[in-house]
Enquirer: 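A single structure is presented below for examination.
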Amino acid sequence: MNKEQNVRMTEKTGIQNLDIRIAIAVVICFLSATACSELGFKFTYGEMHLEILQKMTACIACLLCVQDNTKISRKAGVNRMIITAIGGIIGIGAAAADNAVGNPWFMAVPIFVGILLTLLLCKMAKVPYINARIGGVTFILVSCTFSGNARIFYAVFRFISTFYGVLVVLLVSWFFQKFILDASGEHCKLLKNTGKHAA
């Protein structure tokens, strides 16, 4: 391994601007969801208290959607919203079938059909295949995490939380690109021009 390869490896393993943006977006979602919970903004269904702004869902949306620039982050966010909607809606359908039949063994049929349908619709929506699989994760979570009609509310709040996470991603990406990256670029240009004049 030569010196140039060592330098590139060191650059990749260090904390980058993208890593900082991811961490900031995740913390904003974490604090927002925590504030909602502490202030009592929860949905009560029977004995369950469901998070309206789901901490884990919003934070994961940030982790997956923050990209190198605002344009790519927006595209990732749109894909995330699409797969969450598809997985959630099909998950609600599977939950409705389970509620109607009431046999835990029968649930294997909606799970099988639901996974295939989720993957198909995600591919028809032209999202990357790995995103289609994440849509399948949403389907599994919606259909299997809770029981009864609580799954419907969980799906709705999961979509809301994903949407909020995407908004945070876009805000953080825009802020960094507008006030930090652009400013640093202008600073580099100024230094370069100053160097030319000095020479």
Enquirer: Does Phe153, at its CZ atom, have more than 12 non-hydrogen atoms belonging to other residues, nucleotides or ligands within less than 6.0 Å?
Expert: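 Enclosed.
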
Enquirer: Mind checking whether Phe175 and Ile24 have side chains closer than 4.5 Å, heavy atoms only?
Expert: no

Enquirer: Taking atom OH of Tyr164 and atom CG of Leu167, what is their separation to the nearest 0.5 Å?
Expert: 8.5 Å

Enquirer: Is there side-chain contact between Val127 and Arg80, with at least one heavy-atom pair below 4.5 Å?
Expert: no

Enquirer: Do you know the tightest heavy-atom contact between Gly88 and Ala155?
Expert: O-CB, 4.1 Å

Enquirer: How long is the span from the CD1 atom in Ile92 to the CD1 atom in Ile152, to the nearest 0.5 Å?
Expert: 6.0 Å

Enquirer: For atom CZ of Phe112, decide whether the heavy atoms of other residues, nucleotides or ligands shown that lie under 6.0 angstrom number more than 12.
Expert: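 No - once you tally the heavy atoms of other residues, nucleotides and ligands closer than 6.0 Å, there are 12 at most.
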
Enquirer: Side-chain polar contacts of residues 39-53 - donor-acceptor pairs under 3.5 angstrom, sequence neighbours left out - could you list them?
Expert:
residue: Thr44; atom: OG1; partner: His49; partner atom: ND1; Å: 3.1
residue: Glu51; atom: OE1; partner: Lys55; partner atom: N; Å: 3.4

Enquirer: Count I, L, V, M, F, W, Y as connected when their side-chain heavy atoms are under 4.5 Å apart, and connections chain through other members. Are Val166 and Phe163 then in the same cluster?
Expert: yes

Enquirer: Mind checking whether Leu119 and Phe139 sit in one hydrophobic cluster, side chains of I, L, V, M, F, W, Y counted as touching below 4.5 Å?
Expert: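 Leu119 and Phe139: one cluster.
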
Enquirer: Let's go through Thr138 and Ile83 carefully: what are the C-alpha distance in whole Å and the side-chain angles of both, what is the deciding distance for side chain to side chain contact (heavy atoms under 4.5 Å, CB included) to 0.1 Å, and is it a yes or a no?
Expert: CA-CA 8 Å; Thr138 297; Ile83 64 176; 5.6 Å; no

Enquirer: Do Ile82 and Leu64 sit in the same hydrophobic cluster, where Ile, Leu, Val, Met, Phe, Trp and Tyr count as joined when their side-chain heavy atoms come under 4.5 Å apart?
Expert: yes

Enquirer: Just so I know, are the side chains of Met107 and Ser143 near enough to count as touching, which here means a heavy-atom distance under 4.5 Å?
Expert: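 Result yes, sub-4.5 Å side-chain heavy-atom pair found.
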
Enquirer: Do Thr145 and Arg151 come close enough that some side-chain heavy atom pair is under 4.5 Å?
Expert: no

Enquirer: Check the hydrophobic clustering (I, L, V, M, F, W, Y; side-chain heavy atoms under 4.5 Å; chains of links allowed) and say if Phe159 and Ile86 are grouped together.
Expert: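 Phe159 and Ile86: separate clusters.
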
Enquirer: What's the spacing between Cys65 SG and Gln67 CD if we round to 0.5 Å?
Expert: 7.5 Å

Enquirer: Taking ring pair (Phe, Tyr, Trp, His ring centres under 6.0 Å) as the definition, give me every residue that meets it alongside Phe146, ordered by chain and number, with sequence neighbours left out.
Expert: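 Partners of Phe146 under the ring pair (Phe, Tyr, Trp, His ring centres under 6.0 Å) test: Tyr154.
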
Enquirer: Looking at CD1 of Ile111 and OG1 of Thr118, how far apart are the two atoms once the value is rounded to the nearest 0.5 Å?
Expert: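 Those atoms lie 9.5 Å apart.
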
Enquirer: Evaluate the criterion side chain to side chain contact (heavy atoms under 4.5 Å, CB included) for residue pair Ile140 and Ile115; output intermediate values, then yes/no.
Expert: CA-CA 8 Å; Ile140 292 295; Ile115 281 291; 4.0 Å; yes

Enquirer: Backbone N or O of Pro128 within a donor-acceptor pair of the Asn131 side chain at under 3.5 Å?
Expert: no

Enquirer: Check whether Ile134 and Met124 end up in the same hydrophobic cluster, where Ile, Leu, Val, Met, Phe, Trp and Tyr are linked by side-chain heavy atoms less than 4.5 Å apart.
Expert: yes

Enquirer: Should Ile72 and Asn69 count as side-chain neighbours, where that means a heavy-atom distance under 4.5 Å?
Expert: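 Ile72 reaches Asn69 side chain to side chain.
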
Enquirer: If you measure from OH on Tyr129 to SG on Cys122, what distance do you get to the nearest 0.5 Å?
Expert: 10.0 Å

Enquirer: Do the side chain of Ser173 and the main chain of Thr70 share a donor and acceptor less than 3.5 angstrom apart?
Expert: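 A pair under 3.5 Å: no.
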
Enquirer: Please test Arg74 against Leu170 for side chain to side chain contact (heavy atoms under 4.5 Å, CB included), starting from the C-alpha separation and ending with a verdict.
Expert: CA-CA 6 Å; Arg74 186 185 304 116; Leu170 294 178; 3.8 Å; yes

Enquirer: For Cys62 versus Ala25, what's the shortest heavy-atom pair and its separation?
Expert: SG-O, 3.5 Å

Enquirer: In the structure I gave you, are the side-chain heavy atoms of Phe176 and Ile20 within less than 4.5 Å of one another anywhere?
Expert: yes

Enquirer: Is there a side-chain contact between Val66 and Val172, using heavy atoms and a 4.5 Å cut-off?
Expert: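 Heavy-atom side-chain distance check fails, nothing below 4.5 Å.
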
Enquirer: From Cys29 SG over to Leu63 CG, what is the distance, rounded to the nearest 0.5 angstrom?
Expert: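 Separation between the atoms: 11.0 Å.
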
